[in-house]
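Atoms considered below: every heavy atom in the structure, side chains included; atoms not considered: hydrogens, waters and symmetry mates. Residue numbers begin at 1 in each chain, while the letters A, B, ... track the order of the sequences.
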Amino acid sequence: MTTYTATVTVRLKRGVLDPEAETTKRALERLGFELDALRSADQFEVDLDAESAEAAADRADEMAERLLANPTIHDYDVEVAEA
Amino acid sequence: MTVAVVTFGGSNCDRDAVRALSHVGVDAERVWHEDGLPSDVDGVVLPGGFSYGDYLRAGAMAAHSPIMNDVRDAAEDGVPVLGVCNGAQIGCESKLTPGAFTTNASARFQCESVHLRVENADTPWTAAYQEGDVIEIPIAHGEGRFEIGEERYDDLVAEDRVLFRYCDADGNIIEKANPNGSRGNVAGILGDRETVAVMMPHPERASLPDLGRSVDGQGVLSAFV
């Protein structure tokens with residue numbers, strides 16, 4: 001068994017309104033920054049022991065599918081590295 | 001008959017639901033989620049509140065509480081299940097109902113009285129109304145914007161599973177009357193079977209005459225009679 005860190009990034013699907021990101025963008029503009037768009041995402045770092053990087057990724061993928069993301073509104077990706 | 005009002009850590013409309021149900025003649029009691037659902041319940045209410053502090057997403061944690069397996073089994077047996085506000089978020093997160101309720105377009109918590117148009121009066125939840133009726137019920141939520149993919153939305157409409165839409169006082173479904181940016185102004189929907197429903201507005205807060213406000217919510221609760 002090897003210890004891995006799986007990084008799960010959950011973001012709203014393109015086209016789904018993100019009111020918090022819109023509000024943050026406006027606040028940045030008020031501070032004088034120039035920007036075209038801003039997207040927010042949640043990131044989860046999961047430490048876990050697995051037989052292989054692939055097995056770790058599969059487990060993290062299932063975590064995203066069942067809880068960390070809501071497939072109705074979210075896309076997600078999983079990256080695995082040895083801890 | 002007894003309706004179980006499921007209390008999660010952070011539920012805060014459970015007592016209101018019991019009182020409102022009692023007022024319309026339905027025997028109801030609160031059930032702590034860790035105790036599981038009594039086997040002989042005749043109905044289930046998932047009440048409003050902030051279960052698990054809305055961690056991750058509103059309703060996401062409660063949706064995976066073991067009692068939701070009991071609720072799903074009961075729903076499959078035809079037991080009526082109603083999710084209100086946080087209960088509606090739990091309903092969608094647990095896939096009892098399609099779609100998701102997410103952050104209001106305003107990015108603010110909104111607490112106000114709204115008008116709803118009854119879209120389908122041929123369900124247990126709306127049998128007390130006529131199609132096209134305009135009723136007044138309060139909302140109180142920060143994550144009530146109904147989102148669903150376009151195809152699934154079209155299916156929902158085609159299958160006549162939209163119960164209520166936000167409208168103005170005259171029943172017009174317009175953007176200005178949409179308090180949270182919900183797709184199609186949708187405020188309440190049916191699950192796979194018509195005995196399962198979720199809605200963001202609070203019928204239990206519009207049921208007791210003593211409050212001196214609308215009692216239009218009684219019709220929804222009378223589905224349990």
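Sparse packing is recorded around CD of A:Glu62, with 12 or fewer heavy atoms of other residues, nucleotides or ligands lying under 6.0 Å away. The neighbour count for B:Glu159 CD, taken as heavy atoms of other residues, nucleotides or ligands under 6.0 Å away, is above 12. Under a cut-off of 6.0 angstrom, the local environment of OH in B:Tyr55 is sparse, with at most 12 non-hydrogen atoms contributed by other residues, nucleotides or ligands. Other residues, nucleotides and ligands place more than 12 heavy atoms under 6.0 Å from the CD atom of B:Glu112. More than 12 heavy atoms of other residues, nucleotides or ligands lie within 6.0 Å of CD in A:Glu29, so this atom counts as buried by the packing criterion. The number of heavy atoms from other shown groups lying within 6.0 Å of CZ (B:Arg15) does not exceed 12. Heavy-atom neighbours of B:Asp122 CG from other residues, nucleotides or ligands within 6.0 Å: at or below the threshold of 12.
Interface summary for chain A: among B:Ser106, B:Ala60, B:Ala105, the most heavy-atom pairs under 4.5 angstrom belong to B:Ala105.
With values rounded to the nearest 0.5 angstrom, B:Thr102 atom OG1 is found 6.5 Å from A:Leu12 atom CG. With values rounded to the nearest 0.5 angstrom, B:Phe146 atom CZ is found 8.5 Å from A:Thr72 atom OG1. Here the CZ atom belonging to B:Arg57 is positioned 9.0 Å from the CG atom belonging to A:Asp42, to the nearest 0.5 angstrom. With rounding to the nearest 0.5 angstrom, the CD atom of B:Glu147 is 10.5 Å from the NE2 atom of A:His74.
When heavy atoms are compared at a cutoff of 4.5 Å, B:Thr103 approaches chain A by way of both its backbone and its side chain. Heavy atoms of B:Arg145 lying under 4.5 Å from chain A belong exclusively to its side chain. For A:Leu67, the parts lying under 4.5 angstrom from a heavy atom of chain B are both the backbone and the side chain. With a threshold of 4.5 angstrom between heavy atoms, A:Ala21 does not approach chain B through any atom at all.
When side chains are defined from C-beta on, B:Phe101 does not count as touching A:Ile73, because their heavy atoms never get closer than 4.5 Å.
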